[in-house]
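Structure record follows, encoded as structure tokens.
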Amino acid sequence: MVFPFTTMTLNLLLLMAMVATNILSLYHLTSTTLQSPNSPKHPHVPDQLLHQLHTIRATINHLTRLHPNTPPLSTKPTLPPDLSLFSLLSPIPSSCHNHPELLYKYMSYTPFSLCPSDPDTAESLILRGCHPLPRRRCFTKTPHKPIQNLPLSNPFPSLSSIPETLVLWDRYNCKSFNCLNRQNPNLGFDFERESTRHVSYKTELDLPVSQLMQIAKAAKSVIRLGVDIGGGTGTFAAAMRRFNVTVVTTTMNVVAPYNEAVAVRGLVPLHVPLQQRLPVFDGVLDLVRCGHAVNRWIPVTVLEFLLFDVDRVLRGGGYLWLDHFFSKGVDLEKVFGPLIGKLGYKKVKWATANKTDAGGVKNGEVYLTALLQKPVSR
């Protein structure tokens with residue numbers, strides 16, 4: 001009968017076996033060294049010693065088979081205990097386990113103290129499919145100065161009215177919203193400039209919010225709740241707020257504090273990537289908008305899952321708005337057009353135009369703006 005061994009017992013037996021092997025080897029080497037000068041150059045190893053060495057080797061192999069997963073000493077740090085506990089209480093996405101270095105870095109902290117000041121690790125895990133992230137028992141670092149003068153009702157505040165201490169700027173090259181605007185005014189951090197977006201009609205690709213509301217009214221449909229996927233600093237949600245429509249914005253902080261910018265405007269940011277299932281129940285939304293973040297760079301399979309998840313959260317009669325979706329012209333005709341067509345939605349608006357920037361001209365890219373209405377019943 002074979003009795004179960006604990007890890008400590010096995011390790012102790014393995015250690016004793018190795019020590020015995022070394023002692024016998026030392027004995028053999030010493031005995032050969034003390035032989036007379038006339039001894040043969042390669043002395044004969046006693047049969048008894050060979051038998052003892054074979055016995056020890058067989059014992060080591062047997063113990064290893066009993067406990068094959070015993071890791072070598074000092075090859076890897078031990079698993080953070082909170083991660084082990086979380087694994088028992090709640091599932092961790094399989095993608096988390098595909099990036100053990102990032103996962104270990106994210107979960108290595110002192111419980112009940114400040115969390116590691118490295119939000120890039122969380123973003124890196126999320127963008128690699130490790131979402132939802134494992135929960136932690138540490139306190140998130142926040143700015144030291146309390147905020148008292150945030151704009152309460154204006155979703156397009158001036159930058160001078162926003163305290164710079166609202167954001168932890170350590171992880172960014174810029175240390176202010178003004179710096180971000182100087183680097184690239186199209187990032188969306190000039191809120192006064194953003195107030196002119198979604199307002200006027202300039203090309204066939206534009207769909208002013210006022211026109212969108214008129215379309216819904218003419219169709220005897222109501223728009224009250226929506227999601228803006230990849231909505232940057234929340235400009236579309238701010239524009240819809242003028243019409244008493246509640247829109248939450250999914251956004252990431254890859255290169256700038258987008259989530260904080262959405263919150264500054266009194267709006268709700270959702271920190272989720274494009275591949276994440278929308279944290280919304282089935283059939284409860286009136287509108288889903290997909291902005292510049294949804295484009296040809298998304299793998300086709302991921303985009304298909306995204307579109308069908310949009311279908312899941314939209315009610316019958318709700319609207320999907322693809323706003324300036326860009327791709328190669330041939331791909332729009334042969335790949336993305338048929339993919340969007342799988343939804344079976346009514347085409348309220350379908351407009352295309354050439355993408356005129358340097359990259360767009362070089363790659364033969366086009367823009368698509370499409371407003372699609374989900375069937376009331378299937």
task: Apply side chain to side chain contact (heavy atoms under 4.5 Å, CB included) to Val167 and Tyr172, showing your working.
output: CA-CA 10 Å; Val167 179; Tyr172 306 111; 4.3 Å; yes
query: So with a 6.0 Å cut-off around CG of Asn186, is the heavy-atom count from everything else above 12?
result: yes
task: Please check if Leu207 and Leu205 belong to a single hydrophobic cluster, counting links between Ile, Leu, Val, Met, Phe, Trp and Tyr side chain heavy atoms closer than 4.5 Å.
output: no
field: Linked, directly or transitively: Ile223 and Leu320 (ILVMFWY side chains, under 4.5 Å)
entry: no
Without hydrogens or angle criteria, can the side chains of [X] and [Y] be said to hold a donor-acceptor pair below 3.5 Å?
{"X": "His271", "Y": "Glu123", "value": "yes"}
{"X": "Thr235", "Y": "Arg265", "value": "yes"}
{"X": "Asn181", "Y": "Asp190", "value": "no"}
{"X": "Asp206", "Y": "Gln211", "value": "no"}
{"X": "Arg315", "Y": "Ser221", "value": "yes"}
{"X": "Tyr319", "Y": "Gln373", "value": "yes"}

From CA spacing to verdict: side chain to side chain contact (heavy atoms under 4.5 Å, CB included), Val310, Ile229: CA-CA 10 Å; Val310 168; Ile229 298 177; 4.0 Å; yes
Do the side chain of [X] and the main chain of [Y] share a donor and acceptor less than 3.5 angstrom apart?
{"X": "Arg242", "Y": "Val209", "value": "no"}
{"X": "Lys349", "Y": "Thr369", "value": "no"}
{"X": "Gln275", "Y": "Leu127", "value": "yes"}
{"X": "Asp286", "Y": "Gly318", "value": "no"}
{"X": "Thr251", "Y": "Gly232", "value": "yes"}
{"X": "Asp311", "Y": "Leu343", "value": "no"}
{"X": "Arg128", "Y": "Ser124", "value": "yes"}
{"X": "Thr110", "Y": "Ser113", "value": "no"}
{"X": "Asn354", "Y": "Thr356", "value": "no"}

- request: With Lys355 as the cation and Phe326 as the aromatic partner, state whether NZ or CZ is under 6.0 Å from the six-membered ring centre and within 45° of the axis.
  value: yes
task: Give a yes/no verdict on a cation-pi contact between Arg136 and Tyr106, requiring under 6.0 Å between NZ or CZ and the six-membered ring centre and an angle within 45° of the axis.
output: yes
task: Give the C-alpha distance, both sets of side-chain angles, the deciding distance and a yes or no for side chain to side chain donor-acceptor pair (under 3.5 Å) between Gln276 and Asp309.
output: CA-CA 9 Å; Gln276 170 67 24; Asp309 199 43; over 6 Å; no
task: Begin with the C-alpha distance, continue with both residues' side-chain angles, and end with the deciding distance and a verdict on side chain to side chain contact (heavy atoms under 4.5 Å, CB included) for Leu287 and Leu212.
output: CA-CA 10 Å; Leu287 173 69; Leu212 171 66; 4.0 Å; yes
task: Determine whether the aromatic ring centres of Phe325 and Phe336 lie less than 6.0 Å apart.
output: yes
query: Checking side chain to side chain contact (heavy atoms under 4.5 Å, CB included) for the pair Leu285/Val227: CA distance, chi angles, key distance, verdict?
result: CA-CA 8 Å; Leu285 296 182; Val227 168; 3.4 Å; yes
- prompt: Any side-chain heavy atom of Glu365 within less than 4.5 Å of one from Ser327?
  reply: no
- prompt: Taking the inter-plane angle between the rings of His324 and His292 on a 0 to 90° scale, is it parallel (under 30°), tilted (30 to 60°) or perpendicular (over 60°)?
  reply: tilted
- request: Classify the ring geometry between Phe189 and Tyr258 as parallel (under 30°), tilted (30 to 60°) or perpendicular (over 60°).
  value: tilted
- prompt: Is any side-chain N of the basic residue among Asp82 and Arg137 closer than 4.0 Å to the acidic one's carboxylate O?
  reply: yes
